[in-house]
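First the proteins, then the strands, lettered A, B, ... as listed; each starts at 1. What you see is a predicted model, and the numbers here were worked out from it, not measured in a lab. All values below were derived from every heavy atom in this structure, side-chain atoms included, with hydrogens, water molecules and symmetry-related copies excluded.
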Amino acid sequence: MDDLSLQHIRKSKQHTLLILLISLATFLFAIYSMGTGSSSNLGFWTTVKIILGLDEGTELQSAIIWKLRFPRVLMAIVGGAALATAGALMQGALGNPLVSPLTMGVASGAALGAALAIVVGWSFVDNDLAIVLNAFLFSLLVVFIIIQLGKMRSISAESYILVGIAITFISGAIVSTLQYFATDAQLSALAHWSFGSLSRPTLENAVYVSMSLVILMPTALKWSWDLNALSMGGDEFAISTGVDPVSTRKNILILSALMTSIVIAFTGLIGFVGLAAPHMSRLFVGTDFRKLIPCSAVLGSMLMLFADTVGRTLFAPIVIPVGIMLSVIGGPFFLYLLLKKQGAKL
Amino acid sequence: MTELLSVEDLNFSWGSNEVLKGISFSIKSNEVVAILGVNGAGKSTLIKCINRILKMNSGTVKIQSLDLTSLNLIELSKRMSYVPQTVRTSFSIDVFDVVLLGRRPHINWRVSANDQKIVSETLRFLSLEDFAFRRFDQLSGGERQRVIVAKAIAQGANLLLMDEPTSDLDLKNQISTMKNIVQLISESDDKSALIAIHDINIAARFADRIILLHDGKIVSDGLPSEVLTSENIGMVFGVTSQIISRTDEQPMRIVVGDEIEEK
């Protein structure tokens, strides 16, 4: 094999190793996170023993790990992975680095659904799942609009973004109107939902999201080559390499909107991880989507897990929602990485 | 030589503006065909219609006797590759990976050793090996253009469609890139190139055949010496010219004079 090919393979292996290292770090941090919290800190090895069944611990310790923290940690991992992957897919499909899972209006649709359930009491079910179901169905409504737009052959990447902004404004106006007529209790519930939190999802919810991710992730990876062509050189370049930009863009947006809907229906609005994780991943592995998608996923998990762990331990027993912590911790770190990387240019 | 591409009665319009009117021609294997014409004559539009980037209003295009509309994009891109005038990048990747995208129609997920070998060989063929692991967006306009030519060559298609592939290149690279293209076509059994070009001297030197487009129609199609006459150049480009015929020592040259006053 010639030296250029060998160099290419070596670079690819380095990126794979880096992704595996971030995955390992996320896994170890997940164990640490399961042993850490406002009620009791068990230490890393004690947590490992309890998880492996080598040490039963007290009944209370075991219950805290498995019933309280495990669902939360699992949701942080799969939710972070899904939102980060959705962000990477959307940025690639629309050729725009400013796009995040919230840009397409999916989150605004979910917020409208949640507001209707909380303020008006309008929902298909009359139990605890009312808000989750409403948020999911209204975000699916946005996915449906994306599908309809995708049927227009002339729809461009910019048009998708503009429609997303329009949906965000329309949903925002309706939510504001509902807030205007809401009671204090309803306002509080709505505000709490919009913060984005990992305290709401149950183990069952986290398993649903995990299963969805297992099904959707391979599809996302399958489109890596198409995304490379689309984001590298635009529509004409994509066509010349055998990629149909219109149908590819539509399918990728539907997939990423679905990923976003499934997570935020349970957690509320969490946006930053979908913007920051793909950008941070680009700094580590470059823009090749075959590496960028898995790297974004594991980095998204790591970010979400870290932000949630800090959020529930920093001012314990007060728990700061992960949506807020992500922006507080992730924002400056994201800026630091960007400035460090582009320092020469700025 | 077998027929590689045939275009019959191709028409295309932007709204009411007819850009291409009844275009018909064919290309055989081992031909380098240049399309010449003024800005807006329809050179790029013709290439984009052949590559299905634009949908023609009417007409038939066949590649290797297969109707263009019967092929999916993967099958099409195995048969024809395309070099656009400019490439707008949103997220840049390494030059090696850009050229590897040319292998996209041949691979699903895993890149084979053969794909890597083809990319390496193509980079060397165009003297781009020093750029292999530099990011595409950090290259100059001319370097980028050569990388996109490399991507089109690595695609291994039978027909290379090129839209002004040397417009951003300096004089030396214009000559070397055109030489590379001519060498590629002449050394293969089943390849040809259709190149939209604005430099008539480059076309005269490197093309086996020239198609002269004017006002959306083909006004002349043949050997450079047949097409590039002072009369044709005056009619199409609106300038006077002196034709210096090809000799053993030097290629055919066109010395452009003044604008022709419209009567």
Passing option when B/R103 is tested against B/N114, B/D115, B/T122 for side chain to side chain donor-acceptor pair (under 3.5 Å): B/D115

Salt-bridge present (A/R249, A/D244; N to O < 4.0 Å): no

Atom group of B/I74 that falls short of 4.5 Å from chain A, counting heavy atoms: both

B/A113 versus chain A, the contacting section by heavy-atom distance below 4.5 Å: both

Contact class of B/Q155 relative to chain A, heavy atoms under 4.5 angstrom: side chain

Among the listed options B/K78, B/K48, B/E121, B/E75, the residue most often paired with chain A at heavy-atom distances under 4.5 Å: B/K48

Chain B contacts, top residue of A/S12, A/P97, A/G286 (heavy-atom pairs, under 4.5 Å): A/P97

Sub-4.5 Å side-chain heavy-atom contact between B/C49 and B/L10: yes

Option among B/Q174, B/Q145, B/H198 that satisfies the side chain to side chain donor-acceptor pair (under 3.5 Å) test with B/S167: B/Q145

N-O pairing of B/E3 and B/K62 below 4.0 Å: no

Per-residue contact mode, A/N228 against chain B (heavy atom under 4.5 angstrom): both

Pair A/L230-A/D235, side-chain contact (heavy atoms from CB on, under 4.5 Å): steps then yes or no: CA-CA 6 Å; A/L230 204 54; A/D235 288 10; 3.9 Å; yes

Region of B/F133 that comes under 4.5 Å of a non-hydrogen atom in chain A: both

Contacting region of A/D226 [heavy-atom separation from chain B under 4.5 Å]: both

Check ion pair B/D94-A/K11 (N to O, under 4.0 angstrom): yes

Residue, of B/V83, B/V98, B/L100, that accumulates the most heavy atom pairs under 4.5 Å with chain A: B/L100

